[in-house]
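Report on the following structure.
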Amino acid sequence: MTKEENEARLKRLKGIVSAMPEKPGSYQYYDADGTIIYVGKAKNLKSRVSSYFHTEVDRFKTKVLVSKIWDISYTVVNTEEDALLLENSLIKKYNPRYNVLLKDGKTYPSICVTKEYLPRIFSTRTINKKWGTYYGPYSHISSMYAVLELIKKLYRPRTCRFPITEESVNQKKHQVCLEYHIKNCYGPCIGKQSHEAYMKNIAQALEILKGNTREVLRQMKDEMLSLAEELRFEEAEEIKRRYLLIEQFVAKSEVVSHTIDNVDVFSVTNDEKLAFVNYIHVANGQINQSFTFEYKKKLDESDEELLQLAIAEMRERFHSHAKEIILPAEIDLDLEGVTITIPQRGDKKTLLELSLMNGKQYKFDRLKQAEKLNPEQKQVRLMKELQDLLHLPKMPYQIECFDNSNISGSDAVAACVVFKKMKPSKQDYRKYNIKTVVGPDDYASMKEVVYRRYKRLTEEEQPLPDLIVADGGKGQMEVIRQAVQDELGLDIPIAGLAKDNRHRTNELLYGFPPRVIGMKTNSELFRVLTQLQDEVHRFAITFHREKRSKHALHSELDDIKGIGPKTREELLNHFKTVKRIHEESLETLSAVIGTAKATIIYRYFHPENE
């Protein structure tokens, strides 16, 4: 498209917008092929749609959407609520490319109650509303199976798939199956249970699926007392069994407050590309529905836009007519006869916090599932978490940690361990002999090694780390800062891992002056940091042991220039001790290792005879 064509397109679209009414409604954007690419709603159509064509629109994805628009249509409605419902239905019908996508579909199962003569109740991932009524979807599968198990114990609905009709039952065309004999079915197919009694059970099962357990309990209690008055104790006992089962099931539910009735609770938890909206419905002071839905964002939608869409979607899906909606923040939404509440304290605040907790847990679970399929995603998440925690300028792809090891200053060594993408990079590990420090001075040793390492990396133009972690507290951090910032003039973030009085790592320090970073010691990120600390400690100790071992096996022959390990081994195998080698003549030594090397050794031990 040329510049002139684009200007003509925008001029035509702005002409459509200028003629739009200032009333509530839904608007639709079309691409060059006449396909709906976006559906929106507004309290004021003209004001809302014109905002897309302002020159100061700064969201990149919105600019992309505007560049694809070739035509605009709209529908005027009476209220904002009608606009919300119309937008929701159009999105589901056309699935526009740039609208938020509700990712439930076949992901989660639902419970189906069929429309048969003797309805069946079962779980399914296929939704076909002409076959039955659907409840769900259930994001927590265990919750769904708990409800199904309760209904099975209470009402024993049939599980067979035979096409049973009133005529086939009257004509005795069916035979009972194993489920009847093991008392999992009352045998309605052969008339052992009347159609009226079966449908009464199904009606009560539907109330349980809707969450109206209190009403079911009330009906059962009335029926139980009525049967007892008529001296029909066996039937009353069966009703009591069901009553206790439902009570036991309800006892496991979250009871909030008996003063809270018929309330919807919504909260949203955001990710870069996804949003997780949790919905809780409270009836009679008890949570009877709780679902978290995953939305795929297309245009960097705000929390307010996501909540508006979710409220319309979920209230319609769950047939909710609650007169109060609890939200975490004010949104521009006016529903007739509905009160929006943003609680600050009390039971309603507790409900909102519960909703937020469920949304965050669902997001975490989805993240863990994705990380099992793609392990690198976990490493990126941990790097991002550490970056956010320390406010680093970039993700810490390369982290380096230092440690010293010596015994009273002897055989002093240091080690540097490198982690890349939160994993050990062993080919980058380095060992250092302390050269300039005399005696057991850990701070001076640390400063020497850090200075040597980063001076060399700078001179060789090698990549510097994104974060340095000191195996220690404020003192170690300060000497690293002096070497890196004061002497080398480098800007590398420095953190420290401090130990408690039991020598257990319990704090992450950062900044100058160092401050404690709030972090759970049982978190995944803290475990990775302590792994880094343990690894550098292990590496330094191993190097120190190797050096001490070599020192213990050192002999005077090692100090003779020109005599290698092979010659040394020949001499010791033949003469057994250094003392005997010292006492032997030049001729004797020459017979074993040759004149040239024998001369070197003889002159070393007998300089006066040279």
Of the non-hydrogen atoms in F419 and V528, which two are nearest, and what is the gap between them? CE2-O, 4.3 Å
Is there a side-chain contact between F512 and E478, using heavy atoms and a 4.5 Å cut-off? yes
Evaluate whether atom CD of Q427 has more than 12 neighbouring non-hydrogen atoms of other residues, nucleotides or ligands under 6.0 angstrom away. yes
Does the pair E459 and R453 meet the rule for a salt bridge (charged side-chain N to carboxylate O under 4.0 Å, His left out), with working shown? CA-CA 10 Å; E459 289 172 349; R453 173 159 179 80; over 6 Å; no
Point-to-point distance, once rounded to the nearest 0.5 Å, from CG of D388 to CG of L525: 10.5 Å
Over all atoms of both residues, closest heavy-atom pair of L508 and A495: CD1-CB, 4.2 Å
What closest approach, in Å, do F539 and A415 show between heavy atoms, and which atom pair accounts for it? CD2-CB, 3.6 Å
Without swapping roles, check the side chain of Q344 against the backbone of I342 for a donor-acceptor pair under 3.5 Å. yes
Checking E305 side chain against S302 main chain: does a donor-acceptor pair fall under 3.5 Å? yes
Supply the atom-to-atom distance I434 CD1 to M446 CE, rounded to the nearest 0.5 angstrom. 9.0 Å
To the nearest 0.5 Å, how far apart are CD in Q398 and CG in L464? 8.5 Å
Passing option when D264 is tested against K323, R315, K348 for salt bridge (Lys or Arg N to Asp or Glu O under 4.0 Å): R315
Distance from I494 atom CD1 to L509 atom CG, nearest 0.5 Å? 12.5 Å
Is it the case that the side chains of K297 and N270 hold a donor-acceptor pair, with the cut-off being a distance below 3.5 Å and no angle test? yes
Do other residues, nucleotides or ligands put more than 12 heavy atoms under 6.0 Å from the CD atom of Q462? yes
Kindly say whether the aromatic ring centers of Y279 and F293 come within a distance under 6.0 Å. no
Main chain of L351, side chain of S355: is a donor-acceptor contact present, judged purely on distance under 3.5 Å? no
Would you indicate whether the side-chain heavy atoms of I399 and V418 approach each other to under 4.5 Å? no
Could you verify whether a donor N or O on one side chain and an acceptor N or O on the other, from Y443 and E448, lie under 3.5 Å apart? no
Smallest separation among heavy atoms of V413 and A540, with atom names: CG2-O, 4.0 Å
Would you say the side-chain atoms of S47 and N44 include a donor-acceptor pair closer than 3.5 Å? no
Under 3.5 Å, is there a donor-acceptor pair between the E535 and Q531 side chains? no
Main chain of D332, side chain of E304: is a donor-acceptor contact present, judged purely on distance under 3.5 Å? yes
Kindly indicate, with the supporting measurements, whether the criterion side chain to side chain contact (heavy atoms under 4.5 Å, CB included) is fulfilled by V469 and V536. CA-CA 10 Å; V469 177; V536 74; over 6 Å; no
Let me see the working for D534 and R538 under salt bridge (charged side-chain N to carboxylate O under 4.0 Å, His left out), right down to the final yes or no. CA-CA 6 Å; D534 293 342; R538 178 199 65 79; over 6 Å; no
Regarding N404 and S445, do their side chains bring together a donor and an acceptor under 3.5 Å, going by distance alone? no
Please test I280 against L354 for side chain to side chain contact (heavy atoms under 4.5 Å, CB included), starting from the C-alpha separation and ending with a verdict. CA-CA 9 Å; I280 288 177; L354 181 68; 4.2 Å; yes
Does atom CD of E460 have more than 12 heavy-atom neighbours, drawn from other residues, nucleotides or ligands, at distances under 6.0 Å? yes
Do T269 and V277 pass the side chain to side chain contact (heavy atoms under 4.5 Å, CB included) test, and can you show the C-alpha distance, the side-chain angles, and the key distance before you say yes or no? CA-CA 6 Å; T269 304; V277 178; over 6 Å; no
Would you call E524 and L382 a side-chain contact if the rule is heavy atoms closer than 4.5 Å? yes
Is there a donor-acceptor contact under 3.5 Å linking the side chains of Q308 and K41? yes
How long is the span from the CZ atom in R430 to the CZ atom in R452, to the nearest 0.5 Å? 12.5 Å
Just so I know, are the side chains of L274 and Y295 near enough to count as touching, which here means a heavy-atom distance under 4.5 Å? no
Please report the interatomic distance NZ(K431) to OG1(T542), rounded to the nearest 0.5 Å. 8.0 Å
Decide salt bridge (charged side-chain N to carboxylate O under 4.0 Å, His left out) for K455 and E487; before the verdict, give the C-alpha distance in whole Å, the side-chain angles of both, and the deciding distance to 0.1 Å. CA-CA 10 Å; K455 188 173 188 299; E487 297 183 18; over 6 Å; no
Which atom of G40 lies closest to which atom of S26, heavy atoms considered: O-OG, 3.0 Å
Shortest non-hydrogen contact from S267 to L352? CB-CD1, 4.4 Å
Student check: side-chain heavy atoms of I517 and L390 closer than 4.5 Å: yes
Look at the side chain of D471 and the backbone N and O of D403, then say whether any donor-acceptor pair between them is shorter than 3.5 Å. no
For a 4.5 angstrom cut-off between non-hydrogen side-chain atoms, does V265 reach H281? no
Any side-chain heavy atom of S320 sitting closer than 4.5 Å to one from M314? no
Would you call T530 and L497 a side-chain contact if the rule is heavy atoms closer than 4.5 Å? no
Does the separation of the ring centres of Y29 and Y98 fall below 6.0 angstrom? no
Tell me, with the steps shown, if V17 and F53 meet side chain to side chain contact (heavy atoms under 4.5 Å, CB included). CA-CA 9 Å; V17 174; F53 299 93; 4.0 Å; yes
Would you say that more than 12 heavy atoms from the other residues, nucleotides or ligands in this model lie under 6.0 Å from the NZ of K68, or not? no
